Amino acid sequence: MTASKTARTPVLVLVTAAICLALCMVLPFLTGQIPEIGSALSPMHIPVLLCGFLCGPAYAAAVGAVAPLLRFALFGMPPIFPTGVAMCFELATYGFLSGWLYRRLPRSRASIYAALIAAMLAGRVVWGAVRAVLSGIGASPFTWAAFLSGAFTSAVPGIIVHIVLIPILVMALERALPWLRTGK
């Protein structure tokens, strides 16, 4: 069977999601030596967003929710409370919303950007809400200034990388792997 005749199967989608989860474990090592760069570039976000576009909302939400917990269990990073817990909700939102919106919008370059930006904004709002709730449990307060700084100001490099890189990867992968295009 040639690649162009390969059908979209649950096994292909599951393997793609597993690859995205594996990338969530590996990519932070590229920036791990300099934590400031790693937190600014948000390398775990890239595979989760890709998973939304490639595998759909359910798989991507699962990858997003599990990735920070698994990475903490394996490597001790990110710190589980409050960072890791908030990341679980943020990444699950990224994955779910990018996949859900992309499945409902017409397939185009503009749809990729629309789904990506909406998912990133919603994920950051969810991250802030979870951090605010967790600040009531923990000892450190979570202020409006901390939200703006963590979600937007210090995240600008990662936001730029995601907006540039994700659409290019989605378009290239859909061109190279025809079964991805049939994911409506």
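The model shown is predicted, which means the values in this text are computed figures rather than measured ones.
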Practice task
Could you walk me through whether Trp100 and Leu97 pass side-chain contact (heavy atoms from CB on, under 4.5 Å), step by step?
Solution key: CA-CA 5 Å; Trp100 187 80; Leu97 204 53; 4.2 Å; yes

Hey, could you give me the [atom1]/[atom2] distance between [X] and [Y], rounded to the nearest 0.5 Å?
{"X": "Met120", "Y": "Ile117", "atom1": "CE", "atom2": "CD1", "value": "7.5 Å"}
{"X": "Ile19", "Y": "Leu14", "atom1": "CD1", "atom2": "CG", "value": "10.0 Å"}
{"X": "Met25", "Y": "Cys20", "atom1": "CE", "atom2": "SG", "value": "11.5 Å"}
{"X": "Leu101", "Y": "Ile112", "atom1": "CG", "atom2": "CD1", "value": "13.0 Å"}
{"X": "Leu50", "Y": "Leu173", "atom1": "CG", "atom2": "CG", "value": "7.0 Å"}
{"X": "Met44", "Y": "Leu70", "atom1": "CE", "atom2": "CG", "value": "8.5 Å"}

Practice task
Side-chain contact test, heavy atoms from C-beta onward, threshold under 4.5 Å: evaluate it for Pro47 versus Val63 and give yes or no.
Solution key: no

Handout entry: Side chains of Ile166 and Val161 in contact at under 4.5 Å (non-hydrogen atoms)
Key = no

Practice task
Go through Tyr102 and Val170 one step at a time and tell me if the side-chain contact (heavy atoms from CB on, under 4.5 Å) criterion holds.
Solution key: CA-CA 11 Å; Tyr102 192 55; Val170 170; 4.2 Å; yes

Search all heavy atoms of [X] against all heavy atoms of [Y] and return the closest pair with its distance.
{"X": "Leu91", "Y": "Gly64", "answer": "CB-O, 3.4 Å"}
{"X": "Ala86", "Y": "Leu134", "answer": "N-CD1, 4.3 Å"}
{"X": "Pro43", "Y": "Pro28", "answer": "CG-CA, 3.7 Å"}
{"X": "Ala119", "Y": "Tyr94", "answer": "O-CD1, 3.2 Å"}
{"X": "Arg131", "Y": "Thr83", "answer": "NH1-OG1, 4.5 Å"}
{"X": "Val164", "Y": "Ile168", "answer": "O-CD1, 3.2 Å"}

Problem - Any donor-acceptor pair under 3.5 Å from Ser98 side chain to Gly95 backbone - result: yes

Practice task
Verify, without hydrogens or angle tests, whether Arg71 (side chain) and Val66 (backbone) share a donor-acceptor contact under 3.5 angstrom.
Solution key: no

Handout entry: For Met87, the option from Pro68, Ser42, Pro82 that meets side-chain contact (heavy atoms from CB on, under 4.5 Å)
Key = Pro68

Practice task
Please test Glu90 against Val130 for side-chain contact (heavy atoms from CB on, under 4.5 Å), starting from the C-alpha separation and ending with a verdict.
Solution key: CA-CA 9 Å; Glu90 175 189 22; Val130 171; over 6 Å; no

Exercise for the section: Quick one: do Phe53 and Leu116 satisfy side-chain contact (heavy atoms from CB on, under 4.5 Å)? Show the steps, please. Expected result: CA-CA 9 Å; Phe53 288 104; Leu116 174 65; 4.0 Å; yes

Problem - Whether Phe29 and Phe75 hold their rings parallel, tilted or perpendicular, with breakpoints at 30° and 60° - result: perpendicular

Exercise for the section: Would you kindly confirm whether Ile46 and Met77 end up in one hydrophobic cluster when ILVMFWY residues are joined by side chain heavy atoms under 4.5 Å apart? Expected result: no

